[in-house]
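Convention: sequence-line order gives letters A, B, ...; per-chain numbering from 1. Being a predicted model, the structure only gives us computed values, none of them experimental.
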Protein chains: 2
Amino acid sequence: MSTEIEETGALARVPLTRERVLRTAVDLADRGGIESLSMRKLAQALDVVPMALYRHVAHKEELLDGLVDVVIGEIDPARTDTDWKTAMRERILSARRALLRHPWASRVMESRTAPTPVALAYMDSMIGLLRTGGFSLELTHHVLHTMGSRTFGFAQELFNDSGDSDPEAEAQMWEAMAGTYPYIYEIFSTISHDDTSVVGAGCDDQFEFEFALDLMLDGIERLKDRS
Amino acid sequence: MSTEIEETGALARVPLTRERVLRTAVDLADRGGIESLSMRKLAQALDVVPMALYRHVAHKEELLDGLVDVVIGEIDPARTDTDWKTAMRERILSARRALLRHPWASRVMESRTAPTPVALAYMDSMIGLLRTGGFSLELTHHVLHTMGSRTFGFAQELFNDSGDSDPEAEAQMWEAMAGTYPYIYEIFSTISHDDTSVVGAGCDDQFEFEFALDLMLDGIERLKDRS
DNA sequence: ACCTGAACACCGTTCAAGT
DNA sequence: ACCTGAACACCGTTCAAGT
């Protein structure tokens with residue numbers, strides 16, 4: 001009967017599993033950003049004492065590894081009915097879509113020191129695309145270095161303008177740029193005409209990502225044909 | 001006289017300046033890694049109470065901005081006596097050398113949300129190389145997106161194998177790879193023959209960086225000539 | 001044997017009390 | 001008016017005491 005009361009009190013006291021821990025963590029990070037994801041807050045969201053998490057995850061690093069695995073799991077498998085270039089291109093764009101759904105994911109991926117089996121499997125199939133596509137071992141290796149994190153669908157932007165967008169401060173920066181950074185000013189002022197503001201997120205990130213991706217894929221293809 | 005004792009006790013009690021704070025912080029990070037750089041430890045290294053730092057730096061974020069500025073300050077200025085391609089190539093390689101001297105720097109740069117004036121000036125002169133080299137505004141913009149952080153001399157490696165290098169665990173991973181990740185195995189086992197171990201840091205990072213850089217510069221040059 | 005509250009050893013930063 | 005010790009509100013994680 002005390003059991004009954006407990007059950008009612010905690011409603012359907014779902015047992016804590018690694019999967020539920022990870023799912024809740026992804027949710028928390030999606031909602032409040034990765035910096036708001038602490039072991040303590042995660043425990044609270046799961047209605048559990050912090051120490052209970054350590055049954056399913058050795059430490060926070062392992063939790064972060066798990067989050068990356070969840071995101072990689074959302075990437076479509078590689079097509080097997082086309083050439084290497086199309087298959088790689090489409091898969092990378094699928095990876096990019098997964099990362100856009102979880103804006104914290106690329107930063108967490110950067111911070112990992114050792115690849116998980118899931119990440120290794122992803123890499124292995126990517127390399128497989130090249131090898132079965134006729135690339136030599138050497139060229140494959142160079143290509144991997146060239147693509148870097150782009151293989152996982154992201155690239156290092158120069159500055160992550162997550163834009164707190166204080167319009168006053170922005171206008172001021174704008175003014176300063178014209179004088180002291182003429183070339184930056186020139187670019188920004190002409191590029192972002194399509195958007196509402198003169199400054200702001202005036203460029204098409206998707207286009208720019210594909211531009212760089214294709215420049216690399218084309219360059220890589222040329223090297224392959226030459227060898 | 002009590003003054004005299006104090007002076008002797010603290011020896012040449014150098015006054016705290018922003019520059020001395022930054023220099024010590026760079027030193028600390030160089031020596032013990034960026035994760036060992038806390039406001040408290042920095043204060044201790046300067047033989048000062050933690051709060052004293054806040055006179056020279058508004059918060060830790062500003063300290064990190066300052067560190068990035070120090071590193072950018074070590075990059076050679078752009079040559080003015082060559083074509084855009086050579087000037088850009090050499091400057092990026094100079095930036096890379098600066099980053100190699102401070103292994104924590106690229107990670108700190110990634111974490112900055114807003115560029116400092118020093119970073120903006122660097123970017124402005126980089127863009128200037130392209131513009132005076134005959135690039136259209138549009139192409140210049142695309143190039144910036146393509147190069148991304150490479151402009152600052154670094155690229156996202158797939159995994160930062162800072163190698164704790166537990167040889168036993170490494171051998172085990174090696175064994176697992178052959179079976180479950182055949183393509184990764186194939187690459188690693190053939191590439192790193194030049195080095196001592198079969199695994200290990202068997203590839204020439206400098207070569208790989210330049211390979212990718214040149215692939216991009218060549219692709220960019222081709223686009224420019226076409227337009 | 002299992003579970004967990006309290007504690008530890010840290011953070012960055014605030015603020016009021018001291019000089 | 002300046003300086004700073006103590007305190008605050010957090011962390012991730014250990015561990016011994018409780019059941």
**Q** If I take atom CZ in residue B/R55 and atom C1' in nucleotide C/dG12, what distance separates them, rounded to the nearest angstrom?
**A** 18 Å
**Q** Counting any heavy atom closer than 4.0 Å, what does B/M51 reach on the DNA or RNA strands: base, sugar-phosphate only, or nothing?
**A** base
**Q** Going by heavy atoms in the side chains, are A/R96 and A/E210 under 4.5 Å from each other?
**A** no
**Q** Within 45° of the axis and under 6.0 Å from the centre of the six-membered ring of B/F154, does NZ or CZ of B/R107 qualify?
**A** no
**Q** Could you measure the distance from the CZ atom of A/F152 to the CE atom of A/M126? Nearest 0.5 Å is fine.
**A**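 Answer rounded to 0.5 Å: 8.0 Å.
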**Q** Expressed in angstrom and rounded to an integer, what is the separation of A/M39 atom CE from C/dT4 atom P?
**A** 15 Å
**Q** Round to the nearest Å and state the distance from A/Y54 atom OH to D/dC15 atom P.
**A**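 Those two atoms, OH and P, are 13 Å apart.
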**Q** Could you check how far CD of B/Q44 sits from C1' of C/dC10, rounded to whole Å?
**A**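 One finds 13 Å between C1' of C/dC10 and CD of B/Q44, rounded.
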**Q** Searching all strands shown, indicate the nucleotide that pairs with C/dA1 (Watson-Crick or G-U wobble; both distances under 3.5 Å).
**A**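 Pairing partner, where one exists within any strand: D/dT19.
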**Q** Can you check whether A/R40 has a side-chain N or O nearer than 4.0 Å to OP1 or OP2 of D/dG12?
**A** no
**Q** For D/dC11, take OP1 and OP2 only and decide whether either is under 4.0 Å from a side-chain N or O of A/K41.
**A** yes
**Q** If I take atom CG in residue A/L53 and atom P in nucleotide C/dT4, what distance separates them, rounded to the nearest angstrom?
**A**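 Spelled out: CG on A/L53 to P on C/dT4 is 12 Å.
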**Q** For a quick test of reading the model, state the closest non-hydrogen atom pair linking B/H102 to B/V71 and the distance between them.
**A**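 That closest heavy-atom pairing would be CD2-CG2, 3.8 Å.
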**Q** NE2 of A/H59 to CG of A/D65: how many Å apart, nearest 0.5 Å?
**A** 7.5 Å
**Q** Tell me: CG of A/L63 to P of D/dG12, nearest whole Å?
**A** 10 Å
**Q** Write down the partner of C/dT14 under the Watson-Crick or G-U wobble criteria, each distance required to be under 3.5 Å.
**A**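 Check on C/dT14: paired to D/dA6, both distances under 3.5 Å.
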**Q** Suppose you measure atom P in C/dC8 against the same atom in D/dG18; what distance do you get, rounded to whole Å?
**A**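 Roughly 16 Å separates the two P atoms.
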**Q** Starting from P on C/dC15, measure out to NE2 on B/H59 and report it in whole angstrom.
**A**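 One finds 16 Å between P of C/dC15 and NE2 of B/H59, rounded.
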**Q** Rounded to whole Å, please give me the gap between CG in B/L42 and P in C/dC11.
**A**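 Between P of C/dC11 and CG of B/L42: 12 Å.
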